[in-house]
Q: 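Mind having a look at this structure? Questions to follow.
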Protein chains: 2
Amino acid sequence: MADKIPILQHPWVGEKPFFGELTDKQWKILKAALKVFTEKGYSASTTSEIAREAGVAEGTIFRHFNTKKEILLATLIPLMQNFIGPGVTNSLHNLLLEYDHLPMEDVLLLILEDRQKHISALWPLLRVVIIEANYHPELKEVLLNNVVTLAQESLLTFLKQRQSKGELREDLDVWVMMRSIVGAFGAYLVSQSLFPEREQDHDNRQELKVIVDLFLRGTQARS
Amino acid sequence: MADKIPILQHPWVGEKPFFGELTDKQWKILKAALKVFTEKGYSASTTSEIAREAGVAEGTIFRHFNTKKEILLATLIPLMQNFIGPGVTNSLHNLLLEYDHLPMEDVLLLILEDRQKHISALWPLLRVVIIEANYHPELKEVLLNNVVTLAQESLLTFLKQRQSKGELREDLDVWVMMRSIVGAFGAYLVSQSLFPEREQDHDNRQELKVIVDLFLRGTQARS
DNA sequence: GCCATAAATGAGTAATTACTCCGTAAATAT
DNA sequence: ATATTTACGGAGTAATTACTCATTTATGGC
């Protein structure tokens, strides 16, 4: 478990602006809360531990946040809206615009490599977001509207673009294509995480290339 | 949330044998614990609520289980070993042996339809298992060894069989093929669950057929 | 430097937590 | 039927929980 809580050292999350305007104490509290939540989940975390981790008195916490749940929302919602969501979209948008002229297989490979790094770095954060979204509808809603939907739209735009260029089959719904590549890619990430020994000695780029190739064999328009 | 906790009414889980030899009280406690855990997760569940739900005194619970965590393990581990795991494998094994002579696309469609029903019915149970496996290594280990690995082996066996018959490409690792179909299928299930309105008015069998078709276009040996 | 305002503290609170203990009821053996 | 063992109940316990409040400390304007 040497790689625990890397998000907090992550240069991006380490920036206050993602949380709006905050006093130093508020910032310390949210940072501590995020650390504790990612380690043990919301329910198993205690306000006293958050206070200890933040280096403030427990009373201070409740001057800034009325309830424990409010801490959870004040931590995860801004992160999803201002960090995770844009982080998901930006890179996709840039890649698909910037490399518009490249063959699709090259673009897809670039996207997958980039997303792999991004998701791996953010995983502890994403994990707690996903888990808590199961128990807190407010989080689920923000996750859907500010992360999942954004990512989808980026990818769908890209696929439609390529489809209109005649590079992808016209008789196939882009939504279906998206599920196909995202699913295969997701399965690869899960497999890497569950069976590191199985996947790590393979060449990563080669694996991604095969994923792209499999996808294109099913979706590419006949030339 | 009308479809909450269907597992408990599920005829299979409603059977004591999956938990080994149990007295009536023990069985009532485990059933109640499973219900509460699936509703709120382990940490947010209390032993007093489990007792109330089971209709026994709180002291009775601790006569049979020393700690709260022991209740969790006594509930989920036998379920994984005796119910989820075998349930995952049996159907796969039967289908792939029974329909050995059928074209691969038909077999895959049958498998996916069957697995879809199975996973949907078990989802609340699977969800709590997956979530708690993140916080309890004992659960993660059993989940990997008694569920995930079993499913993998079944599918790999099937794919290898078809590969040796010359129906699947020889130059592609079956492990990669498995990730591809499982990923696309998983993405469809997730998509169905997150965007029911988007997916429900499509013809389900048709969607599954497309998933199979996409998979085979990438993996089928050239005829 | 002094005061007014705001922020932070940490001891405190009521409620809840996982867990215990002993009296009683039920089951089993003789 | 009686004795012995086992299962059960439910009041109880110490610890912990989320949260409060009176007091102290820091801040900023003059």
Side-chain angles (χ1 to χ4, degrees), chain A residues 16 19-78 128 131-132 134-139, chain B residues 16 19-78 128 131-132 134-139:
Chain A
K16 275 162 62 175
F19 294 89
E21 308 217 339
L22 288 182
T23 68
D24 273 13
K25 293 268 156 158
Q26 287 174 321
W27 169 237
K28 278 162 73 176
I29 291 168
L30 289 187
K31 226 171 95 170
L34 184 59
K35 167 163 180 178
V36 178
F37 288 155
T38 50
E39 276 171 353
K40 3 176 88 169
Y42 170 74
S43 272
S45 304
T46 70
T47 50
S48 72
E49 186 174 358
I50 295 172
R52 196 184 330 121
E53 183 72 37
V56 302
E58 207 172 344
T60 308
I61 287 187
F62 286 97
R63 175 153 319 288
H64 295 287
F65 308 96
N66 291 317
T67 63
K68 184 188 166 191
K69 178 154 183 176
E70 213 171 85
I71 307 175
L72 178 75
L73 301 183
T75 310
L76 296 190
I77 289 184
V128 72
I131 288 177
E132 298 307 334
N134 275 276
Y135 299 116
H136 306 275
E138 313 92 317
L139 293 179
Chain B
K16 277 163 61 175
F19 294 88
E21 307 219 338
L22 290 181
T23 68
D24 272 12
K25 295 268 157 162
Q26 287 174 322
W27 169 235
K28 276 162 74 177
I29 292 168
L30 289 186
K31 225 171 98 172
L34 184 59
K35 167 164 182 178
V36 177
F37 288 155
T38 51
E39 275 172 355
K40 358 178 91 170
Y42 170 73
S43 272
S45 303
T46 69
T47 50
S48 72
E49 187 174 356
I50 295 173
R52 194 179 337 117
E53 182 71 38
V56 302
E58 206 171 342
T60 307
I61 286 186
F62 286 98
R63 176 156 317 286
H64 293 289
F65 309 96
N66 292 316
T67 64
K68 184 187 165 191
K69 178 154 183 174
E70 212 171 88
I71 307 176
L72 178 76
L73 302 183
T75 309
L76 296 189
I77 291 185
V128 72
I131 289 178
E132 298 308 333
N134 275 275
Y135 300 116
H136 307 276
E138 312 93 316
L139 292 180

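Sequence lines set the chain letters: A, B, ... in the order given, protein chains first and strands last, and positions in each chain run from 1.
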Q: Round to a whole Å and report the spacing from CZ of A/Phe65 to C1' of C/dA8.
A: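 After rounding, the reported distance stands at 14 Å.
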Q: In residues 49-59 of chain B, which ones come under 4.0 Å of DNA chain D, going by heavy atoms?
A: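 Correct list: B/Val56, B/Ala57, B/Gly59.
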Q: Just jot down the ring pair (Phe, Tyr, Trp, His ring centres under 6.0 Å) partners of B/His64, sequence neighbours excluded, or say none.
A: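 Ring pair (Phe, Tyr, Trp, His ring centres under 6.0 Å) list for B/His64, sorted by chain: empty.
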Q: Among all residues two or more places apart in sequence or in another chain, which pass the salt bridge (charged side-chain N to carboxylate O under 4.0 Å, His left out) test with A/Lys28?
A: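 If we apply the salt bridge (charged side-chain N to carboxylate O under 4.0 Å, His left out) test to A/Lys28, skipping adjacent residues, there are no hits.
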Q: Under the ring pair (Phe, Tyr, Trp, His ring centres under 6.0 Å) rule, collect the residues that match up with B/Tyr42, sequence neighbours excluded.
A: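 B/Tyr42 satisfies ring pair (Phe, Tyr, Trp, His ring centres under 6.0 Å) with B/Phe37, B/His136 only.
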Q: Please enumerate all residues that pass side-chain hydrogen bond (donor to acceptor under 3.5 Å, both in side chains) together with A/Thr47, with sequence neighbours excluded.
A: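 By the side-chain hydrogen bond (donor to acceptor under 3.5 Å, both in side chains) rule, A/Thr47 matches A/Glu58.
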Q: I need the NZ-C1' distance between B/Lys25 and C/dA26, as an integer number of Å.
A: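 Checked: the NZ to C1' distance equals 11 Å.
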Q: Run the side-chain hydrogen bond (donor to acceptor under 3.5 Å, both in side chains) test against B/Thr67 and tell me which residues pass, sequence neighbours left out.
A: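 With neighbours one apart ignored, the set is empty.
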Q: Could you check whether B/Ser45 gets within reach of a base, just the sugar-phosphate, or nothing at all, counting any heavy atom under 4.0 Å?
A: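 Sugar-phosphate only.
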Q: List for me each residue that meets side-chain contact (heavy atoms from CB on, under 4.5 Å) alongside B/Arg63, sequence neighbours excluded, and say none if there are none.
A: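 side-chain contact (heavy atoms from CB on, under 4.5 Å) check on B/Arg63 returns nothing, list empty.
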Q: Could you walk me through whether A/Leu72 and A/Ile77 pass the side chain to side chain contact (heavy atoms under 4.5 Å, CB included) test, one step at a time?
A: CA-CA 8 Å; A/Leu72 178 75; A/Ile77 289 184; over 6 Å; no
Q: Provide the full list of salt bridge (charged side-chain N to carboxylate O under 4.0 Å, His left out) pairs with a residue in residues 64-73 of chain A, sequence neighbours left out, each pair given once.
A: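 Counting only pairs at least two positions apart or across chains, the salt bridge (charged side-chain N to carboxylate O under 4.0 Å, His left out) contacts touching residues 64-73 of chain A are A/Lys69-A/Glu138.
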Q: In whole Å, what is the span from the CD atom of A/Gln26 to the C1' atom of C/dA6?
A: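 My rounded result for the distance is 13 Å.
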Q: Could you tell me the separation between the CD1 atom of A/Ile61 and the P atom of C/dA8, rounded to a whole number of Å?
A: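 Computing the A/Ile61:CD1 to C/dA8:P distance gives 12 Å.
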Q: Output yes when at least one side-chain N/O atom of A/His64 is less than 4.0 Å from OP1 or OP2 of C/dA8, else no.
A: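 It does, given that an N or O in the side chain of A/His64 lies less than 4.0 Å from OP1 or OP2 of C/dA8.
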Q: Which part of the nucleic acid, if any, lies within contact of A/Thr60, taking any heavy atom under 4.0 Å across all strands shown: a base, the sugar-phosphate backbone alone, or nothing?
A: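 It contacts base atoms.
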Q: Walking along DNA chain D from 5' to 3', note the first and the last nucleotide with an atom under 4.0 Å from a heavy atom of chain A, and give both.
A: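 Nucleotide range in contact with chain A: D/dT17 to D/dA22.
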